[in-house]
Amino acid sequence: MDQIDKDAGRLAKVGTFFIIAGWVFVIYSLIAGLLWWIDLAQSDSFNIFTAFAISAAAVGLPVFGAFLIAGLGYALRLFALYVASKAGSSSV
């Protein structure tokens with residue numbers, strides 16, 4: 001049972017890494033999209049609403065992917081918690 005607890009702890013650490021990486025990617029994507037929107041809005045070719053639509057469309061997929069990565073991390077942590085709780089209850 002001690003080995004299962006250690007494996008659950010390692011799985012939780014991997015999940016934490018995915019959570020942190022996912023949120024870093026979300027923040028990076030939003031900042032990059034904001035900077036790109038500002039750059040497009042300043043050009044003569046686009047008005048502010050067209051620039052927003054173009055930048056939002058381009059940033060949507062990276063933000064969605066980053067949320068998937070963070071969601072995978074949360075799922076791994078929940079699974080580690082489930083495994084640790086089942087291992088603890090069966091040893092009693």
Side-chain angles (χ1 to χ4, degrees):
M1 289 304 156
D2 187 42
Q3 186 64 31
I4 293 175
D5 288 338
K6 288 180 183 178
D7 286 343
R10 279 182 278 218
L11 187 61
K13 288 178 185 176
V14 170
T16 302
F17 171 77
F18 278 109
I19 291 169
I20 292 170
W23 282 109
V24 166
F25 292 153
V26 166
I27 292 168
Y28 176 78
S29 297
L30 291 176
I31 290 172
L34 178 68
L35 293 176
W36 192 32
W37 175 54
I38 291 169
D39 185 45
L40 281 176
Q42 290 177 352
S43 71
D44 294 333
S45 304
F46 303 106
N47 63 16
I48 194 166
F49 299 112
T50 308
F52 179 74
I54 292 170
S55 62
V59 171
L61 185 62
V63 169
F64 179 72
F67 278 133
L68 285 179
I69 291 172
L72 175 69
Y74 284 115
L76 285 173
R77 286 189 58 118
L78 284 174
F79 183 67
L81 181 64
Y82 171 76
V83 168
S85 69
K86 290 297 180 184
S89 65
S90 66
S91 64
V92 173

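Only this structure's heavy atoms are used, side chains among them; waters, hydrogens and symmetry mates stay out.
- The heavy-atom pair separating Ala66 from Phe25 by the smallest distance is CB-CB, 3.6 Å.
- In plain terms, the two heavy atoms of Gly73 and Ile19 that are nearest each other are C-CG1, 3.6 Å.
- Two different hydrophobic clusters hold Ile38 and Leu30 under the rule that ILVMFWY side chains link at heavy-atom gaps under 4.5 Å.
- Rounding to the nearest 0.5 angstrom, the gap separating the CZ atom in Phe17 from the CD1 atom in Ile69 is 9.0 Å.
- Under the 4.5 Å side-chain heavy-atom criterion for grouping Ile, Leu, Val, Met, Phe, Trp and Tyr, Phe52 is not connected to Val63 through any hydrophobic cluster.
- Residue Val26 is grouped with residue Val59 when hydrophobic side chains (ILVMFWY) are merged at heavy-atom distances under 4.5 angstrom, including chains of intermediate members.
- Within the structure, the ring-ring contact (aromatic ring centres under 6.0 Å, His included) test picks out the following pairs touching residues 65-85 (sequence neighbours left out): Trp23-Phe67.
- Contacts classified as salt bridge (Lys or Arg N to Asp or Glu O under 4.0 Å) and involving residues 10-37 (residues at least two apart or in different chains) are given here: Asp7-Arg10.
- When all heavy atoms of Trp36 and Ala58 are compared, the closest pair comes out as CZ3-CB, 3.0 Å.
- Under the 4.5 Å side-chain contact rule for hydrophobic residues, Phe49 and Leu34 share a cluster.
- Contact detail for Ala12 and Ala80: the closest heavy-atom pair is N-CB, 3.9 Å.
- Between the Trp37 side chain and the Ile48 main chain, a donor and an acceptor come within less than 3.5 Å of each other.
- In this structure, the side chains of Leu40 and Ile54 come closer than 4.5 Å at one or more pairs of heavy atoms.
- Under the 4.5 Å side-chain heavy-atom criterion for Ile, Leu, Val, Met, Phe, Trp and Tyr, Ile4 and Leu11 are members of the same hydrophobic cluster.
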